[in-house]
Amino acid sequence: MDTYVITAGTPSHDSLRHQFFEPSLQRCEPVNWIHHQRPSGSNPRGDFGCGNWLEVMRWKLECAIKASRMLPEGVCFVLSDLDIVWMPGAFEELNEYAKTGIYAMCENDQAELNAGLLVSRNTREFHWLLHHCLAYMHMNPGKHDQDALRATA
C-alpha cells in the first residue's frame, strides 16, 4: 500500500523542514511526499499563535483537501506538521493504524486530539473530516485546527 505524506509550510517553517523533518524522512522507508509551500512575498508567517497563524492553519487544511482529491482512494494519507521527526518504521506502523480508521495523535494526558498528525486511508470519511474541520474554522473565527478536529471528531 502506498503512503503519502502531505505537508504545508511557509518560509517561517523552512528551517524546521530542512534541519529536522526532511533528514528524518530520508531515514525511513520510502514514502511519497507532497509539500505545499507558500511563497515568501505574499504569505503570512505560520508561527504558532502569532499574526496570521489561523489563516495558515486554514490554508493547511485546504492543501490537505486538494491532495485528498488528487490521490487514489484507499492509499495511506499522512497529514503532518513540519515539526515532526520521523523514526524508521514509522510509516509501516501508521499504515497499520490507518487500516482501522482515522488516527490522530494526542495532545496531552486528557487525550485531546492534535491535528499535527492525522493518518487515514484516503476515504470519504476522511474527506468529510477535513471538510468539516475547515468549515468549523470558517464558522468559528479564532478557532484553530485542533479546536476544529476536537469539535468535529
Side-chain angles (χ1 to χ4, degrees), residues 1-39 43 45-48 53-138 144-153:
M1 180 67 57
D2 284 335
T3 300
Y4 289 83
V5 178
I6 311 302
T7 56
T10 68
S12 66
H13 298 107
D14 285 350
S15 61
L16 280 173
R17 180 169 53 96
H18 294 305
Q19 293 176 19
F20 303 104
F21 187 90
E22 287 177 353
S24 71
L25 193 62
Q26 293 170 1
R27 290 190 300 266
C28 292
E29 58 276 18
V31 295
N32 302 290
W33 179 28
I34 300 172
H35 177 68
H36 300 269
Q37 179 74 22
R38 287 187 76 151
N43 71 302
R45 293 183 59 81
D47 296 337
F48 183 78
W53 175 69
L54 288 172
E55 179 186 332
V56 172
M57 294 301 97
R58 285 189 298 271
W59 172 74
K60 175 188 163 189
L61 281 171
E62 291 167 359
C63 292
I65 290 167
K66 287 177 189 172
S68 72
R69 290 181 187 141
M70 294 184 324
L71 297 178
E73 188 173 318
V75 297
C76 184
F77 190 110
V78 178
L79 178 58
S80 174
D81 281 353
L82 290 166
D83 62 354
I84 291 180
V85 175
W86 298 103
M87 303 297 289
F91 297 105
E92 291 171 6
E93 190 169 335
L94 291 175
N95 203 340
E96 289 300 311
Y97 283 128
K99 289 179 182 177
T100 61
I102 299 172
Y103 169 83
M105 69 177 172
C106 287
E107 176 79 12
N108 52 34
D109 291 341
Q110 289 76 40
E112 291 181 306
L113 299 178
N114 184 310
L117 178 65
L118 293 174
V119 180
S120 177
R121 293 282 178 238
N122 192 27
T123 62
R124 289 182 190 159
E125 293 81 9
F126 190 58
H127 297 184
W128 182 93
L129 178 66
L130 295 174
H131 282 281
H132 280 78
C133 284
L134 183 59
Y136 180 88
M137 290 180 70
H138 282 296
H144 55 79
D145 56 341
Q146 251 104 259
D147 297 323
L149 179 63
R150 293 170 191 162
T152 305

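Positions are given from 1, in the same order as the sequence printed here. Scope of the values below: all heavy atoms of this structure, side chains included, with no hydrogens, waters or symmetry mates.
- No side-chain donor-acceptor contact under 3.5 Å links Thr152 to the backbone of Leu149.
- Of the possible donor and acceptor atoms, none in the side chain of Ser120 sits under 3.5 Å from a partner among the backbone N and O of Ile102.
- Between the side chain of Gln146 and the backbone N or O of Ala115 there is at least one donor-acceptor pair closer than 3.5 Å.
- Nearest heavy atoms, Leu82 versus His13: CD1-CB, 3.7 Å.
- With rounding to the nearest 0.5 Å, the separation of NZ in Lys60 from CG in Leu130 is 10.0 Å.
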Determine whether Ile6 and Lys66 satisfy the following criterion, side-chain contact (heavy atoms from CB on, under 4.5 Å), listing intermediate values before the conclusion.
CA-CA 10 Å; Ile6 311 302; Lys66 287 177 189 172; over 6 Å; no

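- For the pair Val78/Leu117, a side-chain contact is recorded, criterion being any heavy-atom separation below 4.5 Å from C-beta on.
- Asn122 places no side-chain N or O within donor-acceptor distance of the main-chain N or O of Val75, the cut-off being under 3.5 Å.
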Test side-chain contact (heavy atoms from CB on, under 4.5 Å) on His35 and Glu22 and set out the steps.
CA-CA 11 Å; His35 177 68; Glu22 287 177 353; over 6 Å; no

Derivation and outcome, side-chain contact (heavy atoms from CB on, under 4.5 Å), residues Asp14 and Gln37
CA-CA 9 Å; Asp14 285 350; Gln37 179 74 22; 3.2 Å; yes

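- Checking side-chain atoms of Asp81 against main-chain N and O of Asp83 turns up no donor-acceptor pair under 3.5 Å.
- With respect to the salt-bridge test (charged N to carboxylate O, under 4.0 angstrom), the residues Glu96 and Lys99 qualify.
- At least one donor-acceptor pair under 3.5 Å links the side chain of Asn108 to the backbone N or O of Glu112.
- No side-chain donor-acceptor contact under 3.5 Å links Arg38 to the backbone of Thr10.
- Residues Trp86 and Leu94 meet the side-chain proximity criterion, which asks for heavy atoms closer than 4.5 Å.
- Here the CG-SG distance, from Leu113 to Cys106, works out to 6.0 Å after rounding to the nearest 0.5 Å.
- Nearest heavy atoms, Ala151 versus Tyr136: CB-CE1, 3.5 Å.
- Side-chain contact check for Leu61 versus His138: every heavy-atom pair is 4.5 Å or farther apart.
- Summarising the geometry, atom CD belonging to Glu93 is positioned 11.5 Å from atom CE belonging to Met87; distances are rounded to the nearest 0.5 Å.
- Side chain of Glu29 to backbone of Phe91: a donor-acceptor contact under 3.5 angstrom is found.
- The structure places CZ of Phe77 at 13.5 Å from CG of Asp2, a figure rounded to the nearest 0.5 Å.
- Inspection of the Arg121 and Asn95 side chains reveals an N or O donor paired with an N or O acceptor under 3.5 Å.
- The two atoms that bring Ala67 and His36 nearest to each other are CB-NE2, 4.3 Å, heavy atoms only.
- At least one donor-acceptor pair under 3.5 Å links the side chain of Asn32 to the backbone N or O of Thr3.
- Distance check, rounded to the nearest 0.5 Å: NE2 of His144 to CE of Met57 gives 10.0 Å.
- Summarising the geometry, atom OG belonging to Ser80 is positioned 8.5 Å from atom CG belonging to Leu25; distances are rounded to the nearest 0.5 Å.
- Looking only at side-chain heavy atoms (C-beta outward), Phe21 and Leu16 stay at 4.5 Å or farther from each other.
- The backbone N or O of Trp128 lies less than 3.5 Å from no partner atom in the side chain of His131, so there is not a single donor-acceptor pair.
- Contact of the Val119 side chain with the Cys76 side chain is registered, since non-hydrogen atoms from C-beta on lie closer than 4.5 Å.
- Atom CE of Met70 sits in a crowded spot, with more than 12 heavy atoms from other residues, nucleotides or ligands closer than 6.0 Å.
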